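From a predicted model like this one, the values you see are computed outputs, not experimental measurements. Chain A is the first sequence line, chain B the second, and so forth, proteins listed ahead of strands; every chain is numbered from 1. When reading the values below, keep in mind they use all heavy atoms of this one structure, side chains included, and skip hydrogens, waters and symmetry mates.
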Number of protein chains: 2
Amino acid sequence: MQVATIKDVADAAGVSFKTVSRVVNGEKSVGPELRERVEQAIRDLGYKPTLAARQLAGQRSFIIGLIVPRLGISYIARMMIALATATRQAGYHLMTEVLDHDENHLSLSGKVDFSARPDCVMLTPPFSNDPRLVAHFEADGIAVVRIATVIEGHGLPIHVDEEPITVELMRHLIALGHRRIGLIGPPLPVRASEMRVSGYRKAMEEAGLPIDPDLMLRGDFSFASGVNGATAMLALPDRPTAIFATGDEMAAGVLAQAHKLGYRVPDDLAVAGFDDSPVSRMVFPALTTVYQPVQDIAQAAVDAAVHGRLPTAPFAYELRIRGSTSGDRQHCLDPYRF
Amino acid sequence: MQVATIKDVADAAGVSFKTVSRVVNGEKSVGPELRERVEQAIRDLGYKPTLAARQLAGQRSFIIGLIVPRLGISYIARMMIALATATRQAGYHLMTEVLDHDENHLSLSGKVDFSARPDCVMLTPPFSNDPRLVAHFEADGIAVVRIATVIEGHGLPIHVDEEPITVELMRHLIALGHRRIGLIGPPLPVRASEMRVSGYRKAMEEAGLPIDPDLMLRGDFSFASGVNGATAMLALPDRPTAIFATGDEMAAGVLAQAHKLGYRVPDDLAVAGFDDSPVSRMVFPALTTVYQPVQDIAQAAVDAAVHGRLPTAPFAYELRIRGSTSGDRQHCLDPYRF
DNA sequence: TTGTATGCGTTATCAA
DNA sequence: TTGATAACGCATACAA
């Protein structure tokens with residue numbers, strides 16, 4: 001015999017298969033005696049309900065779709081692992097689709113396959129901020145969870161507020177005596193991470209420091225754009241003594257360029273990033289950065305996907321002060337946990 | 001009306017739904033005229049066959065399972081993206097499960113859910129080298145693809161041969177004049193990456209260089225183990241002038257410790273890694289390393305999963321010589337593509 | 001080449 | 001509280 005079906009369980013327990021179905025689905029209209037017999041039979045036969053049949057007969061598929069960009073920064077990889085774990089814990093299955101970063105919603109139908117009929121689709125940045133994508137799914141009656149977004153609109157938005165922690169990070173730099181602090185921000189002023197820019201502004205104003213447009217550049221989260229940003233700013237007559245890049249990969253680019261030019265970090269130039277990505281710990285000196293509560297965010301996203309419940313409390317970001325600003329020469333040896 | 005079913009298409013095309021089924025499955029026993037009518041109707045209604053129904057009625061599920069470790073080094077993340085892409089191109093769906101690194105096969109049944117009935121399961125390292133895991137799945141009649149393995153046994157092994165490219169890397173170091181070359185290897189002598197160790201030995205012997213046990217340490221692929229290995233070797237009376245770590249994260253640890261101790265890289269100490277991971281490009285100087293043809297490997301794995309076909313030609317590894325051995329101070333600015 | 005009947009394993013509806 | 005029966009959307013065998 002292959003795998004046990006609901007009928008096998010019913011026969012073994014001496015009940016109708018509908019009763020087994022009730023037990024499996026946790027319905028309480030089952031007598032304690034029968035319930036016990038059924039549960040025993042389920043254990044004995046190692047019965048697991050077939051997903052496809054449940055999906056066909058019921059209205060749920062127990063599948064959650066996940067759409068991620070191909071050009072994955074490590075933040076996405078961490079999110080994928082965390083979402084896979086949270087999905088499983090909720091008794092659901094994760095089906096991952098990769099979408100090219102620059103593809104629009106028109107090419108979507110050909111790429112993303114709805115034949116699995118997920119109960120819900122989760123969108124990571126940058127897709128979580130694309131209203132057209134959301135509309136595309138909702139037109140098919142599929143709920144959409146938008147992970148780490150700041151914009152309103154349809155779907156189930158998992159809002160994040162990165163401004164307070166960014167202000168904290170900036171205060172740290174300012175407390176160290178930096179007055180000219182460069183910023184390498186996200187690509188466009190519409191992204192979720194734009195709050196990292198507003199946090200920068202807020203802290204500068206709070207400290208009574210002038211905001212110099214020359215010190216505010218934009219990158220694309222890549223190492224290369226960090227290098228380029230640093231190159232430009234360090235060539236200024238009145239160069240910054242600290243640079244805050246809104247992503248660790250960019251910050252690593254700043255650090256590398258500083259090394260190449262012979263600057264000592266942090267004595268000549270302090271560098272700070274954002275994300276607490278693996279690379280932030282592997283460069284030398286290790287990068288001061290902001291820890292993203294990826295697991296909490298993933299948990300909230302799955303909760304929204306399964307129960308339609310939105311998170312109530314804000315997520316707990318944490319400042320990680322390391323050598324690239326403090327001058328502490330210790331390595332960060334904590335194992336990187338996803 | 002919700003989503004179009006096969007019957008809707010049949011009605012629209014004025015044929016029986018079985019004919020539609022034939023067209024969808026690419027059977028050729030359909031007249032050209034009817035075929036055209038059916039295809040038109042499919043386009044008009046935007047029909048996509050429901051996965052669950054195909055799975056229930058047929059014998060295939062069109063689902064491929066993927067099991068990855070939680071403690072993900074970037075190699076795994078890249079593999080996940082590549083596998084998701086290749087799976088989609090093959091018309092299949094990828095269902096990802098995260099397994100804790102140290103879990104044994106006994107706890108497996110509770111963690112990995114078979115209710116999706118995947119046609120095949122793909123295992124990445126380190127799971128791809130666990131015979132018990134393979135047996136576990138095959139007992140359920142599920143084919144198993146073992147990605148990047150060197151051991152024989154059941155399932156569909158996607159063999160990799162990393163020895164030749166490792167020899168090439170070592171020759172590069174030796175050609176630079178290094179005679180005492182340290183090795184920080186994989187955890188146990190049973191892993192796939194053990195070929196990186198044999199490549200080290202082979203190249204040393206080939207060059208007539210002595211193999212000093214003091215210069216052969218083992219790590220666990222983590223940054224921390226690279227730091228520790230470097231610390232130990234650089235404290236030797238006759239310290240190495242070059243260190244080859246069999247993973248980029250470990251190599252980054254070596255590099256960081258070298259910086260901390262004030263060694264110039266590569267003048268005082270050359271460092272080489274393996275994987276061409278993102279971090280290898282973001283440290284300074286950039287790490288000399290070996291590019292892994294992740295996309296090719298992923299393609300082969302999916303091919304094995306879908307058609308049971310094993311790759312014939314070896315995979316094309318590539319040496320990436322960068323500043324950590326050559327002294328070239330240019331950054332690697334290529335966008336990192338998954 | 002085309003169409004019809006049957007069943008896959010489960011949930012939903014209704015009756016007992 | 002239980003159970004019989006009909007779907008769900010499709011593939012498979014078999015018939016036309």
Length of the [atom1]-[atom2] vector between [X] and [N], whole Å:
{"X": "A:Glu27", "N": "D:dG3", "atom1": "CD", "atom2": "C1'", "answer": "13 Å"}
{"X": "B:Lys28", "N": "C:dT1", "atom1": "NZ", "atom2": "C1'", "answer": "14 Å"}
{"X": "A:Leu51", "N": "C:dC8", "atom1": "CG", "atom2": "C1'", "answer": "14 Å"}
{"X": "A:Arg60", "N": "D:dC8", "atom1": "CZ", "atom2": "C1'", "answer": "16 Å"}
{"X": "B:Lys7", "N": "C:dG3", "atom1": "NZ", "atom2": "P", "answer": "15 Å"}
{"X": "B:Asp11", "N": "C:dG3", "atom1": "CG", "atom2": "C1'", "answer": "14 Å"}
{"X": "B:Asn25", "N": "D:dA11", "atom1": "CG", "atom2": "C1'", "answer": "8 Å"}
{"X": "A:Ile6", "N": "D:dC8", "atom1": "CD1", "atom2": "P", "answer": "19 Å"}

Do [X] and [Y] come close enough that some side-chain heavy atom pair is under 4.5 Å?
{"X": "B:Pro131", "Y": "B:His154", "value": "no"}
{"X": "B:Thr149", "Y": "B:Pro157", "value": "yes"}
{"X": "A:Ile67", "Y": "A:Met122", "value": "no"}
{"X": "B:Tyr317", "Y": "B:Pro293", "value": "yes"}

Between the first and last five pairs of the helix from C:dT1-D:dA16 to C:dA16-D:dT1, the angle of the axes, rounded to 10 degrees: 30°
Side chain of A:Ser16: nearest nucleotide among C:dT2, C:dG3, D:dA4? D:dA4
Of the listed nucleotides (C:dT11, C:dG7, C:dT2), which one gets closest to any side-chain atom of B:Leu34? C:dT2
Indicate, with a heavy-atom threshold strictly under 4.0 Å, whether [X] touches base, sugar-phosphate, or nothing.
{"X": "B:Gln59", "answer": "sugar-phosphate"}
{"X": "A:Phe62", "answer": "nothing"}
{"X": "A:Thr19", "answer": "sugar-phosphate"}

Check the phosphate of [N] against [X], side-chain N and O only, distance under 4.0 Å to OP1 or OP2. Yes or no?
{"X": "A:Thr50", "N": "C:dG9", "result": "no"}
{"X": "A:Thr5", "N": "C:dG9", "result": "no"}
{"X": "A:Ser21", "N": "C:dT10", "result": "no"}

Hey, which of these two, A:Arg54 or B:Leu56, hits DNA chain C nearer its 5' end, going by closest nucleotide? B:Leu56
Using 0.5 Å steps for rounding, measure from the CD atom of A:Gln299 to the OG1 atom of A:Thr85. 9.5 Å
Would you say B:Glu33 has more than 12 foreign heavy atoms packed within less than 6.0 Å of its CD? no
Would you say NZ of B:Lys7 has more than 12 non-hydrogen atoms from neighbouring residues, nucleotides or ligands within 6.0 angstrom? no
Need to verify one output field. Residue with the more 5' nearest nucleotide on DNA chain D, A:Val30 or A:Phe17? A:Val30
Under the 3.5 Å rule, do the base of [N] and the side chain of [X] count as making a donor-acceptor pair?
{"X": "A:Lys18", "N": "D:dA4", "answer": "no"}
{"X": "A:Arg117", "N": "D:dG9", "answer": "no"}
{"X": "B:Arg22", "N": "C:dT2", "answer": "yes"}

Has the side chain of A:Ser128 got a donor or acceptor atom that lies under 3.5 Å from a matching backbone atom of A:Arg146? no
